[in-house]
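See below for the structure under consideration.
Since the model is a prediction, treat every value here as computed from it, not as a measurement. Chain naming here is simple, since letters A, B, ... match the order of the sequence lines and numbering starts at 1 in each.
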Amino acid sequence: MSNRRPYVRSMDGWWKRDAYFIRYMAREVTAVFVAAYAIVLLFGLVRLAQGEAAFNGWLQYLKTPWMLVFHLIVLGTFVYHTWSWFNIMPKTMPIMFVGGKRVQPGTITGSGIAAAVVACLAVLLIVKGMHP
Amino acid sequence: MKRSNEPIFWSLFGAGGMLAALIGPALVFITGIAVPLGLIYAPDTMSYNNMLAFAQNWAGKLVMFGVVALFLWHAAHRIAILLHDFGVHAVAAVKLFSYGGAFLGTVIAGYALLAVGF
Amino acid sequence: MEVFQADVAIVGAGGAGLRAAIAVAETDPKLKIALISKVYPMRSHTVAAEGGAAGVTRTDDSLDYHFDDTVHGGDWLCEQDVVEYFVAHAHEELVQMEHWGCPWSRNDDGHVNVRAFGGMKIERTWFAADKSGFHMLHTLFQTSIKYPSIKRFDEYFCTDLMVEDGRCQGVLAIQIATGEFTLIEAKAVIIATGGAGRVFRENTNGGIVTGDGMALAYRHGVPLRDMEFMQYHPTCMPGTGLLFTEACRGEGGFLLNKDGYRYLQDYGLGPAEPTPRNKAMELGPRDRLSQAFWHEKKKGRTIEGPHGAVVNLDLRHLGAAKLHERLPLICELAEEFLGVDPAHTPIPVLPAVHYTMGGITADGKTAAPLPGLYSVGECSSVGIHGANRLGSNSLTELIVFGKVAGVEAAKFAKSMAISNPGAIKKQAEAAQARALGVVTRSDGKERLAVLRTEMAQSMEDGCGIYRLQADMQATCDKLRELRERYKNLKIDDHSKVYNTEWLLGIELGYLLEVAEAIIYSALNRKESRGSHQRLDGYEKRDDVNFLKHSLAYYTGDGAPRIEYGEVKITKSKPGTRAYGAAGEKAAAEEREREGAGNG
Amino acid sequence: MADAEKIIEIEVLRYRPEQDKEPVLQTYKVPFTDDMSVLQGLQYIKDYLDGTVSFRWSCRMAICGSCGMMIEGKPKLSCKTFLREYYPQGLRVEALAHLPIERDLVVDAADFVAKLERIKPYIIPKEARTLEQGEYLQTPQQRDMYEQFSSCINCMLCYAACPQYGLNPKFTGPGVLALLHRYNADSRDGGQDERMKLGYADEGFWGCTAVGYCSEVCPKGVDPANAINQNKMNSAINYFTRFVTPGRADK
Ligand SMILES: Cc1cc2nc3c(=O)[nH]c(=O)nc-3n(C[C@H](O)[C@H](O)[C@H](O)COP(=O)(O)OP(=O)(O)OC[C@H]3O[C@@H](n4cnc5c(N)ncnc54)[C@H](O)[C@@H]3O)c2cc1C
Ligand code: SF4
Ligand code: F3S
Ligand code: FES
């Protein structure tokens with residue numbers, strides 16, 4: 001007998017409604033590239049287990065233009081992943097105080113990205129060091 | 001309310017995400033660009049012998065396993081959410097596809113690393 | 001019509017109503033409580049209070065000081081026995097709020113911090129930054145969720161009281177979402193509907209502060225007491241009337257005229273000193289500060305802004321850090337609404353209507369002359385504010401007397417049964433027809449907003465900071481006319497679901513009647529006291545004839561009948577109300593007199 | 001007003017359940033001055049153009065939380081959003097996204113309030129204390145741990161911002177979870193275990209995918225995204241350690 005008829009709006013295409021949502025979806029889509037890269041590596045592992053010929057085939061495959069282009073794209077998405085990962089980092093951490101002062105979100109993101117730069121450089125150098 | 005089992009997947013997601021954020025770009029650059037193109041690194045950096053030696057070493061095994069498996073779990077979690085975000089509400093199917101895939105990849109990686117011996 | 005049976009019905013879920021509901025629930029968990037509010041409880045206007053709540057806390061303070069400040073501040077029109085009860089229970093109620101989780105601001109040692117407030121001798125105002133009312137309201141609302149016996153009727157608009165067998169036995173309310181009526185039978189009813197600031201044009205009050213409960217009680221023969229005492233707050237935003245809390249001055253803000261001069265020293269509030277001194281200069285009481293503004297304007301020493309004359313509230317010397325810690329909301333308001341950063345630019349301010357000192361007549365235990373009816377909060381005149389309320393006494397009033405109302409109503413409800421439900425049902429049906437009448441009148445011509453605007457303007461003209469016989473009479477006539485035109489109201493909206501225009505129409509009826517009670521009480525009070533100041537030969541306080549409460553009685557379509565009631569004086573004989581250096585001198589003399597008397 | 005009157009077009013998403021099958025847009029021309037808020041624009045419409053437009057408001061000062069709506073697609077408080085920002089192109093206002101429209105700009109808030117009630121939003125004392133014993137001691141820093149989360153005005157803008165709530169209304173949602181954390185983080189409170197039962201559920205913290213838009217739109221700097229996401233770590237630790245930590249109520 002009530003005249004109420006609350007209207008529920010559709011969520012179709014919600015992620016197109018706001019630039020913020022598009023950025024969020026871009027962040028989430030990086031996962032597809034992380035998966036693809038992991039699968040490439042996984043193939044390498046399997047090939048490695050299968051012996052030298054198999055593994056060299058994989059290495060050759062990496063040199064094809066398709067794979068190079070693919071990896072360039074993957075590199076881009078990884079960099080975006082790093083940036084967005086540390087960008088939400090302040091949200092995932094408890095409120096912290098250093099010397100009685102609240103640690104600002106910018107500081108957390110900044111330190112995260114700095115840590116990533118250092119870690120990447122370290123990896124690059126270690127690998128270089130192992131096989132000069 | 002029922003306790004969620006998300007912590008298992010979320011922890012793996014988080015670990016993988018952190019690993020990818022910290023060293024992901026460097027790894028992609030080395031394995032996908034620099035070495036195939038012969039830039040910076042020695043041509044034999046990823047040769048069969050070098051990689052075999054690395055994979056036979058316990059620390060090397062751990063690194064390779066960690067990277068592949070955690071990247072997969074990280075991705076699987078986000079892909080599951082992505083499907084949900086796009087309106088795929090078949091929860092069981094989504095989970096089977098994403099986490100099932102990550103699980104399969106993990107098993108294969110483990111098997112391969114065992115197969116290369118010590 | 002749905003019927004709900006409650007033991008205690010509470011109309012209004014602001015600070016007062018919520019505190020009362022908790023008190024009933026704690027008194028006896030078996031009592032069924034109906035808590036009715038036309039907005040979700042956390043939207044109630046208590047949410048807007050900024051400064052804080054007073055209660056004697058420091059060791060150098062005393063109950064007597066708080067008593068004296070309150071009674072002097074109220075120009076001796078307070079019920080002194082009630083004030084005594086009030087100051088004695090303020091602290092424990094504030095501690096109770098703390099136990100319930102209110103995030104009071106703290107000292108480094110972990111104790112609650114107190115700040116200075118206008119007209120208060122010692123710092124005793126508990127505060128939660130400058131969101132004290134917000135935090136108190138949310139704390140009370142959230143705490144109330146703990147009690148299963150409190151059944152909330154959120155977004156139910158109360159349209160009448162059910163009075164049968166000489167006592168109040170329930171209320172009728174519209175469920176706003178459906179437009180359907182619910183009869184809530186109750187053995188005791190508490191009205192806690194807040195003030196009536198919206199009868200004036202420029203005010204600090206929310207859109208919902210329309211005097212509903214006052215009008216309801218008034219219509220049922222309960223007199224409205226001391227309604228002429230409307231408080232102007234000296235520091236409000238031009239155009240909107242939004243409040244810049246008194247705490248701005250408590251923290252050390254200055255009021256400057258167009259020459260950058262702290263003009264309050266010319267009005268018996270000096271001397272001007274660089275740091276705040278309690279009860280002097282900017283920390284004088286609100287009526288005095290608003291009156292000083294009026295005089296400055298007359299002398300042409302105010303600044304002309306787009307919304308009329310203003311003076312400057314200067315906070316620059318406090319520094320950005322302190323401003324953001326102590327007055328974050330003020331900074332936000334100034335920046336967003338005026339584009340002013342208080343750390344670098346003074347804020348333009350003017351006085352606006354802020355608080356309704358009078359209200360539904362209540363004894364010290366919140367009981368109305370009508371059995372079964374209680375009132376508490378701003379809608380009530382329990383007797384502590386007299387002719388002028390001191391800032392930060394009102395939030396404390398909500399919790400001290402909210403508890404009293406709950407306990408008393410519970411006691412009454414337990415001793416009673418609903419009598420004659422059939423007759424109550426009939427009354428409810430008649431009341432429903434009246435309420436529907438507002439919207440179904442299809443031949444009306446008068447536009448709601450026009451009537452409301454004319455009323456508010458006329459109240460401001462006739463009943464402002466200073467009052468004149470002729471102006472007041474003009475307002476009386478205007479209201480007469482408006483009440484007539486109101487019968488010819490035109491409502492566009494004839495639907496049932498969330499019909500806000502209908503509710504605005506009913507509210508306008510409440511506003512007009514409360515406005516009449518105000519203006520007639522003012523017209524008849526031929527003296528100047530507290531916030532009621534006349535310039536037509538009655539500039540002085542007249543204790544011989546007017547140390548009395550005004551009582552406005554409803555007479556249907558006619559003008560209210562004004563009578564007078566006694567004021568309870570216990571230990572403070574009427575004296576001069578002085579502030580600044582003059583106040584200190586007066587206090588010293590009083591002490592001397594008392595000393596001599598004792599000796 | 002002195003300056004020549006400017007006119008702005010306000011498009012309002014109307015929905016009157018008794019006559020409209022679905023929401024429709026209606027345009028009004030409103031004269032305005034630079035200090036007028038969107039709310040004041042709507043009030044002008046209601047007062048002088050069309051009394052049937054329904055919306056909630058009260059305080060006009062961004063503290064009562066009534067007046068949230070979508071303004072040009074963004075969740076905002078209409079009382080502190082100004083018309084001048086949309087001049088001359090005009091603006092569209094709609095009821096808050098993701099919530100059922102009751103009527104015009106009024107949404108049904110019942111779900112939000114029911115969720116709020118469920119999280120036990122009150123102090124469950126760690127140690128009992130009588131009034132005579134006075135207040136609990138709490139240092140300014142202890143207060144800072146929860147103060148921000150206690151500033152929520154229940155405006156529901158974050159619900160209109162959170163796609164996860166839109167996709168799955170069972171999700172407790174940002175504002176309420178921030179309040180859950182507010183009480184958990186209060187040094188006086190000992191009710192964590194009880195409240196966390198809700199937090200640990202799929203409908204609790206785990207319904208959030210860290211979109212973060214909730215914090216972006218929050219008019220009071222509550223940062224609900226932080227309240228939720230910092231608890232994911234706690235929840236995970238609890239999940240794995242619950243069998244080894246003695247005396248946990250929530251095994
Ligand atoms: C801007 C501002 C700042 C202030 N600052 C301070 C301060 O610092 N210190 C201080 O002590 N005091 C202050 N005050 C005064 C104080 O806040 C108020 O007097 C007090 O909050 C009133 O509380 P209340 O519970 O009586 O009413 P409210 O909080 O106004 O609540 C009224 C309730 O009644 C309900 N209601 C009304 N009519 C109906 C109806 N017809 N049907 C159903 N329900 C209805 C409403 O929905 C609401 O729930 C301030 C006031 C304002 C406006
Ligand atoms: S968290 Fe912020 S946006 Fe959400 S309801 Fe509270 S105040 Fe509003
Ligand atoms: S937008 Fe929603 S998904 Fe989480 S971070 Fe905020 S609650
Ligand atoms: S009207 Fe109160 S928040 Fe906008």
Completion exercise
Looking only at D:A201, D:A236, D:S235, most heavy-atom pairs under 4.5 Å shared with chain B are made by D:A201
Problem - D:T209 vs B:R78, side chain to side chain contact (heavy atoms under 4.5 Å, CB included): CA-CA, chis, key distance, verdict - result: CA-CA 9 Å; D:T209 61; B:R78 275 203 164 155; over 6 Å; no
Practice task
State the CD1-CD distance between B:I81 and D:Q164, to the nearest 0.5 angstrom.
Solution key: 7.0 Å
Problem - Whether over 12 other heavy atoms sit under 6.0 Å from D:K170 NZ - result: no
Handout entry: B:F103, CZ atom: more than 12 neighbouring heavy atoms under 6.0 Å
Key = no
Handout entry: Flag if over 12 foreign heavy atoms under 6.0 Å of CZ, B:F97
Key = no
Handout entry: Region of D:F205 that comes under 4.5 Å of a non-hydrogen atom in chain B
Key = neither
Exercise for the section: Please indicate whether B:Y111 has more than 12 foreign heavy atoms, meaning atoms of other residues, nucleotides or ligands, lying under 6.0 Å from its OH. Expected result: no
Handout entry: Contact residues of residues 4-31 of chain B (partner chain D; heavy-atom separation under 4.5 angstrom)
Key = B:S4, B:N5, B:E6, B:P7, B:I8, B:W10, B:S11
Exercise for the section: May I ask you to test the D:L167-B:H84 pair for a side-chain heavy-atom distance under 4.5 Å? Expected result: yes
Problem - Working for side chain to side chain contact (heavy atoms under 4.5 Å, CB included), residues B:R3 and D:R242 - result: CA-CA 12 Å; B:R3 184 189 271 274; D:R242 68 199 140 136; 3.3 Å; yes
